[in-house]
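Working notes, structure below.
In what follows, chains carry the letters A, B, and so on, assigned in the order in which the sequence lines appear, proteins first and then strands, with residues in each chain numbered from 1.
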Protein chains: 2
Amino acid sequence: MNKSAFYKLSYGLYVITSGGAGKFNGQIANTVFQVTSDPPTLAVSINKKNYTHECIRSCRQFVVSILEETAPTTMIGRFGFKCGREFDKLDGIAIRTGVTGVPIVTENCVAFIEAEVIKEMDCGSHTLFLGRVLGCDALDAEAEPMTYAYYHTVKGGKAPKTAPTYQAEARPKPPAPAAKAARYACTICGYIYNPEIGDANGKIKPGTPFEDLPAQWSCPVCGAGKDKFEKER
Amino acid sequence: MNKSAFYKLSYGLYVITSGGAGKFNGQIANTVFQVTSDPPTLAVSINKKNYTHECIRSCRQFVVSILEETAPTTMIGRFGFKCGREFDKLDGIAIRTGVTGVPIVTENCVAFIEAEVIKEMDCGSHTLFLGRVLGCDALDAEAEPMTYAYYHTVKGGKAPKTAPTYQAEARPKPPAPAAKAARYACTICGYIYNPEIGDANGKIKPGTPFEDLPAQWSCPVCGAGKDKFEKER
């Protein structure tokens, strides 16, 4: 099996929110698709280890907020690499409430779909939830949605180990950097700091060596400190 | 419900083949995603009316061939708008055989994944099949996969009525054309001939009115003749 074939499958990037009784959570997912059009239903695959899985299981409702292409990696890191059991990921994020009561993330999103679970399929590490659509709307009809390919290629993003599409070491590494410009990898989320690119989110100009980053600089994806980074070999 | 939200979901475009005992079929699908990575599984949603559904149900195997961005609309039309019950869609198409015996479409494809059905979920008009991956490989590691957005935006493609994402009249119409340059719609597949764009596949230059198209010209998506076209109002 040459698993690089999997990287040719195309996906979007979404914030999946769920919960009830005043306790809500959100996570990033790329595995969302429409299943039927009459009535409109959609499927989402969620790792059983994720807190969102627990929320969907108990409240039977979820919202898919469709990320905009321009969404910063910090937002994806917040929802994708932190655990909602210890941390309120929705704190400070722009939301609205629709027909389900589950928060709809409006910040950096182009549209949303609210659904109630009508079926589920046990798929081993993940559950595939089938949701009947209760409501949906565009937030910015003109804006482009973020694709998984764009996130990886342009944004330099990674997938957490609990993602359906995570493949340890399978994704081909980019060519080794020149001698002076060592790249550093975040040991928490896998983000690569490339001194040739810098970090636009953190206002770090291209050409800045890792060693020269300010002490308070943190990983633009998961927020880990400089001490969590290791030099790439 | 503002169903334009659904158009912000991102997809690829795939040929799904299945069958056995020397009788095989293929169809276009956009609803494929990886569900788990260990073991690798993927989900595909297929309309119950489609002949491919019958094939998967009986042989329990399918292949996902991932279309390349440059795949011509004629190829998508062949697999997406014709019925395999009356027509051998694979006749003359470059294929190879892998571990399942189901034809892998190699023509205009960047990679493929072979799978056996391990579960299925009845979703009304569609069945969601969960396949355990038996084999996969890249056919062209450098080439870009076709996305559903690219197919619609750049190629001017449409979805058949049996697609999960088909929405009659929901997709916003492009602005009306200038008086002289009337556009014509294919009554079979919905393809719009836009004289301002022409038809690169049929070597029709931009600026060619529909009336001036050669008599043998046919729909680049489904192959229907000029007589199957109606002027857009």
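- When each of S125(A), C123(A), P39(A), G135(A) is checked for heavy-atom pairs under 4.5 Å with chain B, C123(A) comes out on top.
- No part of I118(B) comes within reach of chain A, as not one of its non-hydrogen atoms sits under 4.5 angstrom from that chain.
- Here the side chain of K8(A) pairs a donor or acceptor atom with the backbone of A143(B) at under 3.5 angstrom.
- Between chain A and the options C136(B), P145(B), A141(B), the largest number of non-hydrogen pairs under 4.5 Å is found for C136(B).
- In this structure, the portion of I66(B) lying under 4.5 Å from any heavy atom of chain A is its side chain and not its backbone.
- The structure places CE of M121(B) at 4.5 Å from CE of M121(A), a figure rounded to the nearest 0.5 Å.
- For Y14(A), the part lying near chain B is the side chain, with the backbone staying farther off; criterion is any non-hydrogen pair under 4.5 Å.
- Residue A149(B) does not touch chain A at all, counting heavy-atom pairs closer than 4.5 Å.
- Of all non-hydrogen atoms in H126(B) and V35(A), the two that sit nearest each other are CG-O, 3.3 Å.
- Scanning all heavy atoms of the two residues, the minimum distance from A5(A) to F112(B) falls at CB-O, 3.7 Å.
- The CD atom of Q34(A) sits 8.5 Å away from atom NZ of K3(B), with the distance rounded to the nearest 0.5 Å.
- Put simply, the side chain of S10(B) does not reach to within 4.5 Å of the side chain of Y11(A), judged on heavy atoms.
- The parts of D122(B) that come within reach of chain A are both its backbone and its side chain, each placing non-hydrogen atoms under 4.5 angstrom from that chain.
- If you tally non-hydrogen atom pairs under 4.5 Å between each of N47(A), V110(A), L9(A) and chain B, the highest count goes to L9(A).
- Of all residues in residues 98-108 of chain A, none places a non-hydrogen atom less than 4.5 angstrom from a non-hydrogen atom of chain B.
- In this structure, CG in L42(B) is found 11.0 Å from OG in S45(A), a value given to the nearest 0.5 Å.
- Heavy-atom pairs under 4.5 Å with chain A were tallied for V133(B), T127(B), T147(B); the largest tally goes to V133(B).
- Within 6.0 Å of NZ on K49(B) lie no more than 12 heavy atoms contributed by other residues, nucleotides or ligands.
- Residue contact with chain A, scored on non-hydrogen atoms closer than 4.5 Å, is absent for E114(B).
- Atom CG of residue L130(A) and atom CG of residue L128(B) lie 7.5 Å apart, to the nearest 0.5 angstrom.
- Only the side chain of I113(B) comes within contact range of chain A, with heavy atoms under 4.5 Å apart.
- Heavy-atom distances place no part of I46(A) under 4.5 Å from chain B, backbone and side chain included.
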